[in-house]
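In what follows, every chain begins at residue 1, and chains take the letters A, B, ... in the order their sequences are listed. In this text the structure is predicted, and so the values were computed from the model without any measurement.
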2 protein chains.
Amino acid sequence: MSERNMDAVEALFNPRRMAVVGASTNIGKWGYIIPSNILREGYKGELYLVNPKGGDIQGLPFHTSLAHIGKEIDLAMITIPAESVEGVMEDCARAGVKVAIVISGGFSESSPEGREMEKSLVETAHAHGIRLVGPNTMGITSAPWSLTALMPPVRPRPGHVAFAAQSGNLGTQMLGWGSYRGIGFSRFVCIGNECDLDFADYLEYFAHDDQTEVILLYVEGFKRPRRILELAEEISPRKPIVIYKAGGTRAGSRAAASHSAAMAGSREIYGGMIRQGGMIEARTTEEMLDFSDALVKMPVPRGRRTAILSWGGGWAVVAADLCERAGLDVAPLPDDVKRELGTILPSYWSKGNPVDMVGILDLDAHTRCLEVLATCPEYDTVVSLGTINASGAFGLKEAEGAKRDEKQKKLENVQRMYVHDRSTRFANRVVELMHELGKPIVTVGMPQRDMDSDDDSGFPRDKISIYTNPERAARVAAMLARRGEYLRSREA
Amino acid sequence: MSERNMDAVEALFNPRRMAVVGASTNIGKWGYIIPSNILREGYKGELYLVNPKGGDIQGLPFHTSLAHIGKEIDLAMITIPAESVEGVMEDCARAGVKVAIVISGGFSESSPEGREMEKSLVETAHAHGIRLVGPNTMGITSAPWSLTALMPPVRPRPGHVAFAAQSGNLGTQMLGWGSYRGIGFSRFVCIGNECDLDFADYLEYFAHDDQTEVILLYVEGFKRPRRILELAEEISPRKPIVIYKAGGTRAGSRAAASHSAAMAGSREIYGGMIRQGGMIEARTTEEMLDFSDALVKMPVPRGRRTAILSWGGGWAVVAADLCERAGLDVAPLPDDVKRELGTILPSYWSKGNPVDMVGILDLDAHTRCLEVLATCPEYDTVVSLGTINASGAFGLKEAEGAKRDEKQKKLENVQRMYVHDRSTRFANRVVELMHELGKPIVTVGMPQRDMDSDDDSGFPRDKISIYTNPERAARVAAMLARRGEYLRSREA
C-alpha cells in the first residue's frame with residue numbers, strides 16, 4: 001500500500017498537468033479564486049479548467065468535461081458541491097487522474113450523512129484507481145512547480161520546509177507569516193478530513209523529497225499514530241521533524257473533536273511519541289516557524305557552551321538569564337579571548353560572558369568581536385544581539401515629518417546608511433562564519449518590527465534568521481543544542 | 001527626605017526651563033544629538049544650550065555659561081566629560097537648577113576612581129541643594145511637555161505608561177517598539193547609576209502622577225528594596241506596577257553586576273517581593289509592553305470564565321489550549337447563547353466554546369457573534385481571533401508585481417477594502433463593548449506583521465491592543481484575570 005500511496009503523493013506534488021473541476025467566472029467563488037491564484041504564481045505545468053457551461057479565466061477557456069481535455073491529467077482539484085463529487089470520479093479515471101484534491105466541505109466534518117457520502121466517495125475513487133486528498137481542504141503548494149493551489153491569497157516563498165497542516169486557516173496563515181519573515185516552503189498540504197491519503201503518507205513522502213530539508217506538522221490528532229512513530233524514528237536522524245500538537249487540554253481537545261474530528265489524545269501519550277520519534281516539539285505557533293527556519297539555515301552545535309555578544313548591558317543581562325534558563329551553558333570567557341576582545345573594546349567593557357560591547361557605535365568592531373567569539377573552540381554557539389537592523393531598533397526611519405533642519409536630516413541619513421551598510425556586512429559575515437565553522441550564530445535584530453522586504457538589498461535574507469527579541473533566540477539556540485545531542489546519541 | 005525627593009522628580013519631569021551643559025555643533029556628539037532630539041519633538045518649555053566656546057544648534061545660540069542665561073533653570077542635562085561635571089555644580093546652583101541629569105559615563109560603573117569621583121560629585125551637588133539623575137544615563141522623556149531628552153533617536157508616543165529602566169539601550173528600544181505598536185508613555189527615565197535619585201523616588205512620583213495609569217519597571221537590582229516593597233503595597237491597589245526582573249540566573253546576575261553594579265539578588269527574594277507588593281511580573285520582554293498596554297486599554301474582568309471566538313477551527317483549538325493552560329476557564333456555552341449564535345452562523349459551526357465561525361467571509365457576522373458572547377453574563381472575558389486585519393493575515397498586500405489581469409486586481413481591491421473596512425468597524429465595536437460592559441475583549445489580528453501605522457485611518461489604535469498570535473492574547477487575558485483577583489482580595 002505504502003508504495004502506491006507514494007505514487008499518489010508524488011503525482012500530487014509534481015503534477016505535469018492538472019485540472020480544476022468546477023472552474024467559475026464568478027470572482028467570489030473558490031472555482032475562480034483557486035485557478036486565478038495558480039495562474040498568478042506561474043504554475044510550470046499545464047492547467048486545464050473544467051465547467052460544462054463554458055467560460056474562461058484570464059483567457060484560459062473552460063473545457064466542458066475532463067474527458068474532453070484529451071490529455072492525461074495527473075491531478076484534479078475539485079471545487080463542486082459535495083453531493084456531485086462522487087459523480088466525477090469516472091471522468092477523472094478516464095482522464096488518467098492519479099490523485100484528486102477535494103476542496104469541497106460538507107462531508108464527514110459536518111453530519112452523519114456527510115460521513116456516509118465521504119465513505120462512498122472513497123470506495124468509488126478507489127474502484128477507479130484514484131487517490132484522494134481532503135475533502136474539506138484549502139489545497140496544496142509545491143515550490144519546484146511554482147504551484148500555489150490555495151483558496152486564500154497567500155504567496156508562499158519557495159524554500160526547504162515541507163508543511164502538512166490539519167487546519168487550513170492556521171496552515172495558510174503560517175505560509176503568509178513565513179513568507180514575510182524570509183522562511184521558504186518546498187511543499188504544503190492542508191490535509192482536510194484525511195478520507196484517504198493521511199499524515200503518514202505526506203510524512204513518508206517528505207522524508208524522501210530532495211527539495212525538503214525540514215518537515216513541519218500541525219497536528220490535532222493522528223489517524224495512524226503507530227505508523228507515524230515508526231516513520232519518525234526512521235526519519236529524525238536524517239531530517240528534522242518539527243511538530244506542533246494542538247488539543248492537549250480538555251478545552252482544546254473538545255475544540256479539536258469539533259474541528260477536525262481528531263481524537264486529540266492525552267498530552268502524555270503524544271509527548272512520549274514525540275520524544276521516542278526524535279521529533280522537535282514547537283510549544284508556540286511562533287516556534288513552529290522559528291524552529292523550522294533555524295534548522296534550514298543554521299548548523300547544529302557540538303554542545304551547550306554559549307557565548308553572548310550584546311551591544312548594550314541591559315540586553316546582555318536579559319539574554320544571559322534566558323540562555324541559562326533554556327538550559328544553555330553561558331560559559332566563562334577564556335583568558336586569551338578576554339585579551340583579544342580587550343584590544344577591540346573600550347576599557348570599561350564587561351570582561352565576561354555575556355560580552356557587553358558597552359554601546360560602541362563602531363559596528364565593524366562588533367564584527368571583530370563576533371569573529372573572536374565564533375572562532376573560539378570553547379564555544380559551541382554564539383548568540384548576538386543588537387547589531388543587525390540597529391536603525392530599526394531606534395526608529396531612525398520614523399523621523400520624517402518632525403521639525404528638523406538640513407543638518408539634522410544629514411545626520412539621520414548618515415546614521416541610516418552607516419547602520420544599514422554595517423548591518424548587511426555583519427549579516428553576511430555571520431553566514432560565512434556559520435558555513436566555515438559549522439557553528440550556529442543566532443542573531444537578534446531587535447527592530448521595532450520584522451525587517452521590511454524592501455530593506456533587503458544585499459541582505460542575505462534566505463540564509464540568516466533575525467529574531468526580534470532575545471527570548472526567541474534563546475529558545476532557538478537551546479533547540480539546536482538538543483537537536484545536536486539527539487544526533488550524537490544516534491551516532492553513538 | 002521623601003518630600004524633597006519628590007520636588008526634585010517633579011522638576012525633572014516638568015521643567016519650565018532646561019539647559020544642556022556641553023552643547024556641541026558636532027553632529028556625532030551627544031551634546032548635539034540630545035538638544036536636536038529635544039528640538040525635533042517640540043519641547044514646550046524653554047531650552048538653553050551652554051558651551052563656553054559659543055556656536056548654535058538649529059539657530060539656537062549657545063550661552064557661555066549657565067550663569068549667563070539670566071533665568072531660573074529647573075533642569076540641567078550635563079553631557080561634558082566625567083571629571084568636569086563636579087565643577088559645574090556651583091554654576092547650576094547659581095542658575096537655580098533643582099535637578100541635574102548627568103549623562104556622562106566614567107563614574108562608579110567603570111573604575112574605583114570613578115566611584116570616588118561619583119561620591120564627591122553627590123556631596124558637592126547636595127551642598128548646593130541640587131539633586132542628581134544618573135550618572136551614566138541615556139536621559140528622560142515627559143509627554144505632557146513633549147520632552148524627549150534622549151540620546152537614541154526614538155520618538156515615543158504620548159500615553160499613560162510611566163517607565164523607569166535600569167538600562168538605556170533596553171529602555172529606549174522598548175520606547176521604540178511601543179511607539180510602533182501603539183503604546184504610549186507618560187514619562188520615561190533611564191536611572192543610570194542611581195547615585196542620588198533612585199527607583200523608589202521615581203516609583204513614588206509615578207504613583208501620584210495623574211498622567212500615569214500604569215507603571216513599568218525594568219530592574220536588575222533595587223538599592224532600597226524595603227522602600228520599594230512598602231511603596232508597591234500602597235500603590236498596587238490603585239495603579240498597576242508591571243515589573244521585569246533581570247539577572248535572576250547565575251549568568252544573568254554576573255552580567256548585572258558588571259552592567260549596573262546591581263546586586264541582582266535571588267529569584268526567590270524578588271519573587272516574594274513582587275507577590276507581596278501586588279506587582280505584575282512580566283516574564284518576557286514582550287510581556288513588559290503587552291501587559292502595560294493591556295492595563296491601560298482594557299478593563300479588569302470579574303472572573304476567569306473566558307469565551308473564545310475564532311474565524312477558523314485550527315486557531316480555535318490552539319487558543320483553547322493556551323487559555324486553559326494559562327489558567328483561564330473555557331466554560332461551556334449556555335443554551336441561549338448557542339441558540340443565538342445558531343441564527344448567525346452556518347449549520348456546521350462548532351456549537352461549543354471555542355466558537356469556530358467556520359471561516360465565514362461575512363465579517364459583520366463576526367461582530368454579531370462577538371456581541372452575543374460579550375453581553376453574556378456567563379463570561380468575564382472574550383478572546384477574539386482572526387477578524388481584525390484579516391487582509392494582512394493572508395498577505396493580500398503582497399500581490400503587487402505578480403501576473404494577474406484586471407479582473408483579478410479588482411477582486412483583490414474589493415477584498416482589501418472590504419476586509420479593511422470591516423476590520424475597523426469590528427475594532428471600534430470592541431472598544432465600545434469594553435466600555436459599555438467593563439469586560440476585556442482581547443483581540444488577535446494574526447497579520448504577518450504588526451499593523452502599519454499608515455493603515456490606521458479610523459482604526460482606534462490608541463484604544464485597542466491587537467496581538468499577533470494567540471499566545472500573547474492568552475497571557476494577557478490570564479494576567480488581567482489575576483489582576484482582578486488581586487483587586488477583589490484587597491477590597492474584601
Side-chain angles (χ1 to χ4, degrees), chain A residues 27 36 40 42 58 110 152-155 167 169-170 173 176-177 179-180 220 246-249 251-252 254-256 258-259 284-286 311-318 320-321 324-325 330 348 350 352 354 356 359 393-396 398-399 402-405 408 411 446 448-450 469 471, chain B residues 27 36 40 42 58 110 152-155 167 169-170 173 176-177 179-180 220 246-249 251-252 254-256 258-259 284-286 311-318 320-321 324-325 330 348 350 352 354 356 359 393-396 398-399 402-405 408 411 446 448-450 469 471:
Chain A
I27 63 170
S36 93
R40 182 177 70 183
Q58 296 185 30
S110 70
V154 281
R155 308 189 64 206
S167 162
N169 74 337
L170 188 144
Q173 287 194 8
W177 291 359
S179 149
Y180 182 67
E220 298 183 359
T249 63
R254 277 198 314 267
S258 131
H259 172 233
T284 63
T285 51
E286 191 168 65
W311 195 0
W315 289 115
V317 179
V318 168
D321 278 339
E324 187 165 312
R325 267 186 217 129
V330 186
Y348 50 95
S350 63
D356 171 7
F394 290 122
L396 274 178
E398 298 200 14
K403 184 186 158 191
R404 64 221 171 101
D405 66 3
Q408 192 169 4
L411 167 64
M446 297 187 290
Q448 298 165 277
R449 49 171 123 179
D450 282 317
N469 61 50
E471 283 83 4
Chain B
I27 63 169
S36 92
R40 182 177 69 183
Q58 296 185 30
S110 70
V154 280
R155 307 189 65 205
S167 164
N169 74 335
L170 187 144
Q173 286 194 7
W177 290 358
S179 150
Y180 182 66
E220 297 183 358
T249 63
R254 278 198 313 268
S258 128
H259 171 233
T284 63
T285 52
E286 190 170 63
W311 195 359
W315 289 114
V317 179
V318 168
D321 278 340
E324 187 165 312
R325 266 186 217 129
V330 186
Y348 51 95
S350 63
D356 170 7
F394 290 122
L396 274 177
E398 297 199 16
K403 184 184 158 191
R404 63 223 171 98
D405 66 3
Q408 193 169 2
L411 167 65
M446 297 186 292
Q448 297 165 281
R449 49 169 123 177
D450 281 317
N469 61 52
E471 282 83 3

In this structure, CG of A/Asn469 is separated from CD of B/Gln173 (nearest 0.5 Å) by 11.5 Å
Taken in chain and number order and not counting sequence neighbours, the residues that satisfy salt bridge (charged side-chain N to carboxylate O under 4.0 Å, His left out) with B/Glu324 are A/Arg250
Please step through side chain to side chain contact (heavy atoms under 4.5 Å, CB included) for the pair B/Leu170 and A/Val318, ending with a clear verdict. CA-CA 9 Å; B/Leu170 187 144; A/Val318 168; 3.7 Å; yes
In short, B/Val330 meets A/Arg254 closest at the heavy-atom pair O-NH2, 3.3 Å
With chain B, the option among A/Gly314, A/Pro354, A/Ala320 that has the most non-hydrogen atom pairs under 4.5 Å is A/Gly314
Okay, A/Ser258 and chain B: the region with an atom under 4.5 Å from a heavy atom over there is side chain
With sequence neighbours left out, the residues meeting side chain to side chain donor-acceptor pair (under 3.5 Å) with B/Glu471 are A/Thr285
For A/Val317 and B/Ala246, the nearest pair of non-hydrogen atoms, with its separation, is CG1-CB, 3.7 Å
Assert top hit (heavy-atom pairs under 4.5 Å, partner chain A, pool B/Gly312, B/Gly313, B/Ser167) equals B/Gly313
